[in-house]
Protein chains: 2
Amino acid sequence: MRRGEVFRSPDRGDLVALRVAEGCLRVCHPLHDGRRQITDFLMPGDGIGLNEVRRHNGSIEAVTPAHVALLATDAAEVEGEPDLAQARIGAMQARLFMLGHKNAREKLAAFLLEMADRIAPGEADFRLPMSRYDIADYLCLSPETVCRNFTQMISDGLIALPDSQTVQILHRAPLEFIGR
Amino acid sequence: MRRGEVFRSPDRGDLVALRVAEGCLRVCHPLHDGRRQITDFLMPGDGIGLNEVRRHNGSIEAVTPAHVALLATDAAEVEGEPDLAQARIGAMQARLFMLGHKNAREKLAAFLLEMADRIAPGEADFRLPMSRYDIADYLCLSPETVCRNFTQMISDGLIALPDSQTVQILHRAPLEFIGR
DNA sequence: CGCGGCCTTGATGTGCCTCAATGGTTGTGG
DNA sequence: CCACAACCATTGAGGCACATCAAGGCCGCG
C-alpha cells in the first residue's frame, strides 16, 4: 500500500483478517461529530480481525508505505482464535484505563513507552512513523496538547527530539513512573 | 451474595467464568492513584470470563443482593468462545468511543439508554441499582458531575426522577441524539 | 517560486474536578 | 425506641487542565 492509501473493509467482504509485513498502518473510526478516533497502530507482525473494524465502519490507512497480507481463511480460525481475541481484550482494557483517568502528560508517557517497545525494543532511540495529529487521535487529545507535552518532557530532560520524528528516551524510569 | 460482598478472583483459581442469575454486580479495577474504575455492570443473564478480571487484579462486588453461578468448565470452552469474545470486544469498543470523545452530558445520556435497555427494555421507567458514585466510576466522571447532569436533564424535561433511584425517560429521541 | 501540510507556540475560554457544606436515609447498638 | 454513625445525594464556589482559535515557521513538492 502506498502512503495515505485507504483500505476500507466493506470493499472486500471476503476477507477476514490482515497482517502487516512491513510499514505502519492506522485503524481509524469516524465519529458522529466528524472527528475520528484511531483505535490502534499496526506494526510489522501485527494482525487484526476485520469484523472488529467493520463493526463501527472503520478503515485501515497506510501511515507509511506498507506491505500487508490479506487473509481470507475461515473466520473461526482467525478471529475466534482464543489467544488473539484474549490479547485484544487485554490491550483494549489497558486503553480503557488510559483514556479514563490519565492526563495528557501521562497518556503521552505511556504512548512513548508503548511505541519504543513495539518499534525498537532495547534501542536507545526510535522513529515515530505517525504525525502529531495521529497521536492526538489515538490518545484522544488535541494535537496542540500533544505538542506542548512533548516540549514539556524535553525541558524536563526526560526525552530528546533530534527531529520531530525521532525520539530518544533519556530517562526511562521516571517516564515509566508517569505512564503507569 | 450479600449486598456489598466482594468476590476477588484470585481466591478461586479453579473458576473460569461467572454468570448472574439475579441482582446486579459491578466489575471493579483499582487504579494506581487509589481510585477505581468500573468496567462493567452485570445484570441477570450476563456472564464474564474471570481471566479478563484477573488480568488487572480486579474484583466483582454485589451492588444488590445477588445470585451468581460460578463456572469451572474448561477455559477454552467458556472464554475462548468466539461469540462471547467478539461480543466483549464490541462492547469495549463502544466504551472506548464513549470515554474518548463524549462529554459528561453525552456520557450520561448514553448510560441511561444502555441501562434502560438492559434493565427494563420497552418499559417507561426503571430503577438504577447502583449509586451515583458507581455511575461516576463507570463513566470516568466525578459523582458531583453525574449529579449535576441529572438535574440538568430534569430541568430540560428529558427525564424525571420520582426518587433518586427511579428514572423515567420522558423524551427518548433527544436523549438518543445526545448519547450517540 | 508558491502552495499545502505539519509542527510549534501564544491567548483565551470553559468543562470538569476539587473542596466544602447540608440534608436525607439507612443501619446499628445501647 | 432513640441516638449516633456512615453513606449517599445534592448544590455552591473556585481553580485548573485541556480545547479552541489564531498565527508563524519549516519542509517537501509541483
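The sequence lines fix the lettering, A, B, ..., with proteins before strands; numbering per chain opens at 1.
The ring pair (Phe, Tyr, Trp, His ring centres under 6.0 Å) pairs that include a residue from residues 144-180 of chain A number zero, where partners must be two or more places apart or lie in different chains. The list of salt bridge (Lys or Arg N to Asp or Glu O under 4.0 Å) pairs with a residue in residues 124-138 of chain A, not counting sequence neighbours, reads A/R26-A/D134, A/R36-A/D134, A/R36-A/D137, A/R127-A/D163. Applying the ring pair (Phe, Tyr, Trp, His ring centres under 6.0 Å) test to residues at least two apart or on different chains, the pairs with a partner in residues 35-64 of chain A are A/F41-A/Y138, A/H56-B/F97. Applying the side chain to side chain donor-acceptor pair (under 3.5 Å) test to every pair with at least one member in residues 41-50 of chain A, sequence neighbours left out, gives these pairs: A/D46-A/R118.
Helix bend of the helix from C/dC1-D/dG30 to C/dG30-D/dC1: the angle between its two end axes, each built from five pairs, comes to 30° after rounding to 10°.
B/Q152 places its CD atom 14 Å from the C1' atom of C/dC16, with the value rounded to the nearest Å. If you measure from atom CG of A/L161 to atom P of C/dT9, you get 10 Å, rounded to the nearest angstrom. Distance CZ (A/F150) to C1' (C/dT8): 12 Å, rounded to an integer number of Å.
Residues passing the side chain to side chain donor-acceptor pair (under 3.5 Å) test with A/R35 are A/D33, sequence neighbours excluded. Every residue meeting the side chain to side chain donor-acceptor pair (under 3.5 Å) condition with A/T145, not counting sequence neighbours, appears here in chain and number order: A/S142. For the side chain to side chain contact (heavy atoms under 4.5 Å, CB included) test, residues two or more places apart in sequence or in another chain that qualify with B/N57 are B/P30. For A/D117, the side chain to side chain donor-acceptor pair (under 3.5 Å) criterion is met by A/R172, not counting sequence neighbours. Looking at residues two or more places apart in sequence or on another chain, you find no side chain to side chain donor-acceptor pair (under 3.5 Å) involving A/R95.
The same ILVMFWY cluster, assembled from side-chain heavy atoms under 4.5 Å apart, contains both B/L175 and B/L128.
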All N/O pairs under 3.5 Å across the protein-nucleotides 7-9 of chain D interface:
from, atom 1, to, atom 2, distance (Å)
D/dA9, OP1, B/R132, N, 3.4
D/dA9, OP2, B/R132, N, 2.7

Exercise for the section: Treat primed atoms plus P, OP1 and OP2 as sugar-phosphate and everything else as base, then score nucleotides 17-30 of chain D 5' to 3': B for base contact with protein heavy atoms under 4.0 Å, S for sugar-phosphate contact only, - for none. Expected result: -SSBB---------

